[in-house]
There are 2 protein chains.
Amino acid sequence: MSTRERLIESTRTLLWERGYVATSPKNIQHLAEAGQGSMYHHFSGKEELARVAIDRTAEEMRASVDAVLSGPGSALERISAYLRREREVLKGCPIGRLTQDPDVMATPMLVAPVEETFTWLRSRLAAIVAEGVVAGELSAAIDPVITSAAIVATLQGGYVLARADDDPAAFQQAIEGILALLGALSVR
Amino acid sequence: MSTRERLIESTRTLLWERGYVATSPKNIQHLAEAGQGSMYHHFSGKEELARVAIDRTAEEMRASVDAVLSGPGSALERISAYLRREREVLKGCPIGRLTQDPDVMATPMLVAPVEETFTWLRSRLAAIVAEGVVAGELSAAIDPVITSAAIVATLQGGYVLARADDDPAAFQQAIEGILALLGALSVR
DNA sequence: GTCTATATACTGATAGAC
DNA sequence: GTCTATCAGTATATAGAC
């Protein structure tokens, strides 16, 4: 792996583990086993490097989520598969966590990919919920937009509960809770 | 207000706005209009001050939530009143945000009040959901524990969505989404 | 491309005068 | 109780040699 590559991957790791404010150029260089000079040769500074790292994380997430959501199965089955996927629950969501970072929120270049990711995710899920309603699988009483917002929020909030409890079970309970509600509204 | 009081209140404000890692003793002193010496006279350091501040925020939250949940109305009405309460959505949850702070999570003294708050909230809500089921207001198919986890998670995740979008509407959609699902399972 | 030197400001605290 | 002085270490670079 090239030095540039190692810098990007190290930044991704640290942004996930500690966020943006709490990650210093020095931390990144150490993890990447790269010198000060290398980092500033490849990137203009911490901000640009973070942007590249966040973009990559967002793209990967999008691709892996889309793989599940575009897969086989009914609408509810795909949503359920997405929510129940294996996750490193206690590490939290690498994108969602950034919304709590004051320096990320104060930097338009860094918020942009975060905003785009959630906008995409919510509309992708809304489309699937709508599909389920049209197919007669889900009750016509379900509104796709607010329901998909609730689904994504449960996922993001599940991470918060799990971290507060230091136990992935809290995440799983939240997921099972929303799935049970959705399941009860499926048309059998 | 005493200097000590101003230090605590300033810390509460900064922990809410920027979190723990991103808040320095200097920031606190400046906002509190207190000198270095004053801060270290009243508190052993940043950590102790943060603990006092978090405790106070947690207690206030508990009291105000309990006021709504112990109020009049059916189970679903009280849950709905709680979720729809006025909130400074874009500022996020002053307690939930701390779960994303690496230095808070690494300090047992600081995680403790966060963990206690969520444990309390979830069991308080679970009791109300259970009440609704017993009263025949909610479907017997509803499991109080996982449902209350989903409710709290939706709330916490709603803040994440709103901040990502820089729009409180995303929070409201998530809330209306979970309430619609719960409402559909109420026994009319 | 990578390295070392240098720089300004801030972090989180301690020491001791007043 | 509050103030100023001081401190070792870090944050985030820039400069210029190799």
Side-chain angles (χ1 to χ4, degrees), chain A residues 1-56 97-98 100-111, chain B residues 1-56 97-98 100-111:
Chain A
M1 194 155 43
S2 71
T3 300
R4 191 189 141 87
E5 242 351 83
R6 290 202 314 277
L7 284 163
I8 298 172
E9 289 302 313
S10 297
T11 303
R12 296 216 298 151
T13 298
L14 291 169
L15 286 182
W16 193 2
E17 282 176 0
R18 303 191 40 84
Y20 184 72
V21 244
T23 295
S24 71
K26 198 177 190 173
N27 295 153
I28 296 170
Q29 292 152 26
H30 186 251
L31 184 59
E33 295 178 278
Q36 196 105 322
S38 293
M39 183 184 135
Y40 286 99
H41 169 74
H42 291 290
F43 303 94
S44 66
K46 177 180 165 176
E47 186 180 323
E48 198 198 14
L49 181 44
R51 170 64 193 241
V52 172
I54 295 171
D55 276 344
R56 183 176 294 184
R97 134 191 274 297
L98 299 175
Q100 304 303 317
D101 194 301
D103 286 8
V104 167
M105 297 311 282
T107 311
M109 282 296 290
L110 300 180
V111 201
Chain B
M1 194 158 41
S2 71
T3 298
R4 191 189 140 87
E5 244 346 87
R6 289 202 313 280
L7 284 164
I8 297 171
E9 289 302 313
S10 297
T11 303
R12 297 216 299 151
T13 298
L14 290 169
L15 286 182
W16 195 1
E17 283 177 356
R18 303 191 39 86
Y20 183 72
V21 244
T23 295
S24 70
K26 197 177 191 176
N27 296 153
I28 295 169
Q29 292 152 26
H30 186 251
L31 184 59
E33 295 178 277
Q36 195 105 322
S38 294
M39 184 184 133
Y40 286 99
H41 168 72
H42 292 290
F43 303 93
S44 65
K46 178 180 166 177
E47 184 179 324
E48 197 198 16
L49 180 43
R51 171 61 194 243
V52 173
I54 294 171
D55 275 343
R56 184 176 293 183
R97 129 187 285 293
L98 299 174
Q100 304 303 317
D101 194 302
D103 286 9
V104 167
M105 298 310 284
T107 311
M109 283 294 290
L110 300 180
V111 200

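To find a chain, count down the sequence lines: A is the first, B the second, and so on, and within it residues start at 1.
Around CD of B:E33, the count of heavy atoms belonging to other residues, nucleotides or ligands within 6.0 Å does not exceed 12.
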Provide a list of protein-nucleic acid N or O atom pairs under 3.5 angstrom, restricted to nucleotides 16-18 of chain D.
none

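Closest contact between the side chain of A:K46 and the listed nucleotides D:dA13, C:dG12, D:dA11 involves D:dA13. Checking D:dT14, D:dC3, C:dA13 against every side-chain atom of B:Y40, the shortest atom distance belongs to C:dA13. Comparing C:dT2, D:dT14, D:dT10 by their nearest atom to the side chain of A:Q36 picks out D:dT14.
For DNA chain D, each stem of at least three Watson-Crick or G-U pairs (distances under 3.5 Å) is given as range with range: C:1-18 with D:1-18.
OP1 and OP2 of D:dT10 both lie 4.0 Å or more from every side-chain N or O belonging to A:S24. In terms of phosphate contacts, B:T3 brings no side-chain nitrogen or oxygen within less than 4.0 Å of OP1 or OP2 of D:dG1. For B:H41 and D:dC3, the shortest distance from a side-chain N or O to OP1 or OP2 is not below 4.0 Å.
In this structure, A:R6 atom CZ and C:dG1 atom P are separated by 13 Å, rounded to whole Å. Taking atom CD on B:Q29 and atom C1' on C:dC10, their separation rounds to 12 Å, with Å as the unit. Taking atom NZ on B:K26 and atom C1' on C:dT8, their separation rounds to 12 Å, with Å as the unit. Between the CG atom of B:N27 and the P atom of D:dA11 there is a distance of 16 Å, rounded to whole Å. In this structure, A:H42 places its NE2 atom 17 Å from P of D:dA13, rounding to the nearest Å.
Between the side chain of A:R51 and the backbone N or O of A:M109, at least one donor-acceptor pair lies under 3.5 Å.
Comment: B:R6 does not engage B:E9 in a salt bridge, judged by the lack of any side-chain N to carboxylate O separation of less than 4.0 angstrom.
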